[in-house]
Amino acid sequence: MTIGFRILPRRQGVSPDLVARFAALPVANVSDSMHRMAAAGPRLRAYHASGMLAGPALTVRSRPGDNLMLHKAIDMAHPGDVIVVDAGGDLTNSLMGELMLAHAMRRGVAGFVLWGAIRDADAIREANLPLWAMGVTHRGPYKDGPGEINVPIALEGMVIEPGDLILGDGDGVLSVPMADASGVLERTEAKQAAETAQMQRIKAGTNDRAWVDDTLRRLGCAMPEGA
């Protein structure tokens, strides 16, 4: 087996039950529950109109500007998979456009995260399959390889293993390691419940803001009387 040009099996993935429960939670709260240490970075932008992304990662590493392995990944994908592609962050050539998106939707792909560019941006927005990418270019891709499928990849330092949970909403994209997903879910659901209760207090005008002044005093901030 040749490193750099190979297709491996994906032996496991996050469970559908966990995917469904995470899909009801804001990405920001999941991130907070992971101590804000994981992120794919602000250069990834949503190119669909709206909607949440949640599903197990089908990982692809490709040569910049080449989509041969991305084509194969779409053909291999199971319904609900999120195809995540590390194409080196190059924006010279697009990785996919309208036709590939239509094929992916037909196969039940849940969405895409592309460390590279797309084209047919208007059609992609109208189709509204969750898709994040780094940019847009009309220049098409090559189809020569090499590349790898179902190997660990990293986007802006965020490591993604095959089968890890991929989440995305208006705040960006996050990967939750499969082995840690249950614990992260428990912490996130608790945080979400606490924030729901806080929102109710805010609307009722009963939210306690004493912590702000307490923190300023603890940090030695000089304040005028009555501030």
Side-chain angles (χ1 to χ4, degrees), residues 3 6-46 48 51-62 69-70 73 76-89 108-116 129-134 147-199:
I3 292 177
R6 59 183 178 172
I7 298 172
L8 303 179
R10 190 183 70 193
R11 303 191 183 280
Q12 54 186 348
V14 66
S15 72
D17 175 65
L18 284 175
V19 171
R21 290 172 66 182
F22 270 104
L25 299 168
V27 169
N29 282 358
V30 181
S31 178
D32 285 354
S33 298
M34 296 171 66
H35 295 282
R36 303 165 186 164
M37 291 294 290
R43 289 189 288 171
L44 277 174
R45 301 292 185 183
H48 59 294
M52 174 77 176
L53 174 67
L58 174 53
T59 61
V60 181
R61 178 181 292 121
S62 69
M69 285 305 199
L70 176 52
M76 291 173 56
H78 297 162
D81 279 350
V82 177
I83 297 179
V84 188
V85 183
D86 174 10
V109 171
F112 290 88
V113 179
L114 306 174
W115 199 244
L129 183 75
L131 185 151
W132 279 258
M134 294 182 64
E148 299 177 299
I149 296 176
N150 282 325
V151 296
I153 61 174
L155 308 184
E156 200 84 331
M158 184 174 73
V159 176
I160 302 167
E161 298 273 356
D164 282 351
L165 176 65
I166 303 298
L167 301 172
D169 64 13
D171 288 335
V173 173
L174 179 65
S175 176
V176 181
M178 182 170 43
D180 301 319
S182 295
V184 172
L185 176 64
E186 183 178 345
R187 292 191 295 273
T188 305
E189 288 181 332
K191 179 175 178 58
Q192 182 70 9
E195 288 197 356
T196 298
Q198 184 178 0
M199 181 63 76

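Asp81 contributes no side-chain N or O that, together with a main-chain N or O of Ile83, makes up a donor-acceptor pair within less than 3.5 Å. Formation of a donor-acceptor pair under 3.5 Å by the Arg6 side chain with backbone atoms of Asn150 is not found in this model. Between the side chain of Arg10 and the main chain of Pro162, no donor-acceptor pair closer than 3.5 Å is present. A donor-acceptor contact shorter than 3.5 Å links the side chain of Thr59 to the backbone of Val151.
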*Please assess Met34 against Asp180 for the test side chain to side chain contact (heavy atoms under 4.5 Å, CB included), listing each intermediate value before the final yes or no.*
CA-CA 10 Å; Met34 296 171 66; Asp180 301 319; over 6 Å; no
_Phe22 vs Val14, test: side chain to side chain contact (heavy atoms under 4.5 Å, CB included). Steps then yes/no._
CA-CA 11 Å; Phe22 270 104; Val14 66; 5.9 Å; no
*Starting from the C-alpha separation in whole Å, work towards a yes-or-no answer on side chain to side chain contact (heavy atoms under 4.5 Å, CB included) for Ile7 and Glu148.*
CA-CA 6 Å; Ile7 298 172; Glu148 299 177 299; over 6 Å; no
*Could you go through the side chain to side chain contact (heavy atoms under 4.5 Å, CB included) check for Val30 and Val184 one step at a time?*
CA-CA 7 Å; Val30 181; Val184 172; 3.8 Å; yes
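The number of heavy-atom neighbours closer than 6.0 Å to CD of Glu156, taken from other residues, nucleotides and ligands shown, is above 12.
Closest of all the heavy-atom pairs between Leu174 and Ser31 is CD2-N, 3.7 Å. Here the closest non-hydrogen pair linking Met52 and Leu25 is CE-O, 3.5 Å. Between Ala54 and Ala23, the shortest heavy-atom distance links the atoms CB-CB, 4.0 Å. Heavy-atom minimum distance, Pro26 versus Gln192: CD-OE1, 3.3 Å. When all heavy atoms of Asp169 and Trp132 are compared, the closest pair comes out as O-CZ2, 3.3 Å. Minimum interatomic distance between Ala110 and Leu129 (heavy atoms only, all atoms of both residues): O-CD1, 3.6 Å.
Exactly one residue among Val27, Asp164, Leu167 makes a side-chain contact (heavy atoms from CB on, under 4.5 Å) with Val176. That residue is Leu167.
Rounding to the nearest 0.5 Å places CE of Met158 at 8.5 Å from CD1 of Ile153. Put simply, CG on Leu114 and CG on Leu131 are 5.0 Å apart, with the number rounded to the nearest 0.5 Å. Note that CG of Asn29 and CD of Glu195 are 4.0 Å apart. Values are rounded to the nearest 0.5 Å.
Leu18 has its side chain out of reach of Leu165: every pair of non-hydrogen atoms, C-beta onward, lies at least 4.5 Å apart. Within the 4.5 Å cutoff, the side chain of Val84 has no heavy atoms near those of the Trp115 side chain. At a threshold of 4.5 Å between non-hydrogen side-chain atoms, the residues Val19 and Pro56 count as touching.
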